[in-house]
*Asks:* 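Take this structure first; my questions come after.
Counting starts at 1 for both ligands and their atoms, following the listed order.
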Amino acid sequence: MTETAQATGVGSEHVIEGPGLRFRVKRTAMTSEEVFRAELAKVFGRTWLYLGHESEIPNPGDFVRRPVGGRPLFMVRGAKTGAVNVFHNTCTHRGAVVCRVDKGTSKVFQCFYHAWTFDSEGRLVGVPGEDAYGDDLDRSALGLGRARTESYRGFVFVTFDPDIEDLPTYLAGARQYLDYVVDSMDGNVEVVPGTNEYGFDANWKLLVENSIDGYHAASTHDTYFKYLVALGTDLSIGVTGVTKDLGNGHAVLEYQAPWGRPVALWEPLFGEDSKEEIAALRAELTDKHGEEKALVMAERNRNLLIYPNLIINDIMAVTVRTFVPTAPDRVEVTAWELAPQGELPQLRQRRLDSFLTFLGPGGFATPDDLEALESCQQGFASGGVEWNDISRGMGRDPQATDEEQMRAFWRRWRVQLDATD
Ligand code: FES
Ligand code: FE
């Protein structure tokens, strides 16, 4: 008997591998309140979760506020230490949210309820009417609650699991793909100010699948391909590549595609006048990293999943997308654009155009993708069919249109949902 067949629990009830080349996911994994509650504890409570990028808070006191795994947090650059501090966004007095705006710069964070005040290192520095506490108010024990935080090459993650492995170990094979992103920009990566924020009515795992799904590109995004043809793009190379399980639930879809890349593969969308600049970037990559790695960084596209809810699309632009489920059938998404610091203004402009044209909330891809995901969720409500089929490509080396990368996600999800502690 296989290990899979012996396992029991909510995960194994919902993800079944075999017999033969079959991989199925029970649709209640996307609809059940009970599964959703279990996920908040067993997935979002037991993984490293992306919070933001260090470049978003370059100066002392800079902060951003975000929900992570359903919990309000904020990240602030400490004025004393210069460190990236991540705090639970709750006052140590009686609970109110301390940081009440999404972004800014501040020396202190004052709770609006009774005005306790904390500095950017989380220390309690002000208590109105402190003499009412006698000598027993220990300010040092009443600083803001810190979330366990680690960064990998500027990407800041937090976890609520005290026992989890360190971040580099957790990232496993995904580290190399983060390295490609950072190295292709010579280590000087910044998040372009501004966000795309949108929500949709479907289960969050459908967006995980969709973000690394090569199978839907030709059918769902037919309009985009027609647009590229109209611009003079040669579609003959098609979308060809591989999908890989990177360990710990992480996975990548890596492929060559007809569209260009700002670093560094020119296409008509970028304009004739950018041809030389992009060629120069390509030559620089080859000088620094050798032809083989330069080719991977410049010409291959990657849709990277860092389990459970971070997507880095290193495609016609580099986007970072994370999402928070708020119900079994509701997700809130935030996306950012990454770019090299000091990029030439015209290249920056084209990068942003390229990002918004395909991946923006009103671009060629996102509305069609969300329509597909909401359509799946509506289909689940119809009943009569209990299982989704995710078997594509099980009998061969996984190709770009196969589903091995999704199976990597679901296998990890199954193990986590089976956990009893
Ligand atoms: Fe923050 Fe009272 S709850 S000061
Ligand atoms: Fe898509």
*Asks:* Which heavy atom of the protein is the closest neighbour of atom 2 (Fe) of ligand 1, given with residue, atom name and distance?
*Replies:* His114 ND1, 2.0 Å
*Asks:* Tell me if the centroids of the rings in His250 and Tyr177 come within less than 6.0 Å of each other.
*Replies:* no
*Asks:* Among Lys26, Arg22, Arg24, which residue satisfies the salt bridge (Lys or Arg N to Asp or Glu O under 4.0 Å) criterion with Asp389?
*Replies:*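 Exactly one option meets the salt bridge (Lys or Arg N to Asp or Glu O under 4.0 Å) with Asp389, and it is Arg22.
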*Asks:* Just do the side-chain hydrogen bond (donor to acceptor under 3.5 Å, both in side chains) check on Asp368 and Thr220 with the steps written out, would you?
*Replies:* CA-CA 7 Å; Asp368 289 344; Thr220 305; over 6 Å; no
*Asks:* Show me which atoms of ligand 1 lie under 4.0 Å from any heavy atom of Tyr113.
*Replies:* 3 (S)
*Asks:* Would you please classify the geometry between the Phe109 ring and the Phe63 ring as parallel, tilted or perpendicular, with 30° and 60° separating the classes?
*Replies:* perpendicular
*Asks:* Do Trp410 and Glu17 get their side chains close enough for a donor-acceptor pair, meaning under 3.5 Å?
*Replies:* no
*Asks:* Backbone or side chain, does Asp368 get an N/O/S atom under 2.8 Å to the Fe ion (ligand 2)?
*Replies:* no
*Asks:* Angle at the Fe ion (ligand 2): provide the value between NE2 of His216 and OD2 of Asp369, rounding to 10 degrees.
*Replies:*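 Taking the Fe ion (ligand 2) as the apex, I get 140° for this pair.
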*Asks:* Quick check: does His93 put an N/O/S atom under 2.8 Å from atom 2 (Fe) of ligand 1?
*Replies:*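 For His93, the answer is yes, given that an N, O or S atom comes within less than 2.8 Å of atom 2 (Fe) of ligand 1.
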*Asks:* As an exercise, identify every atom of ligand 1 less than 4.0 angstrom from a heavy atom of Trp116.
*Replies:* 4 (S)
*Asks:* Would you mind running through ligand 1 and noting each atom that sits below 4.0 Å from a heavy atom of Cys111?
*Replies:* 1 (Fe), 3 (S), 4 (S)
*Asks:* Cut-off 3.5 Å, side chains only: do Asn85 and Glu121 have a donor facing an acceptor?
*Replies:* yes
*Asks:* So which heavy atom in the protein is nearest atom 3 (S) of ligand 1, and how far is it from that ligand atom?
*Replies:* Arg94 N, 3.4 Å
*Asks:* Salt bridge check, Asp179 against Arg175: does any charged N sit closer than 4.0 Å to a carboxylate O?
*Replies:*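 Salt bridge absent between Arg175 and Asp179.
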*Asks:* Suppose I only count heavy atoms of Ala115 and a 4.0 Å limit; which atoms of ligand 1 are within that range?
*Replies:*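 Close to Ala115: 4 (S).
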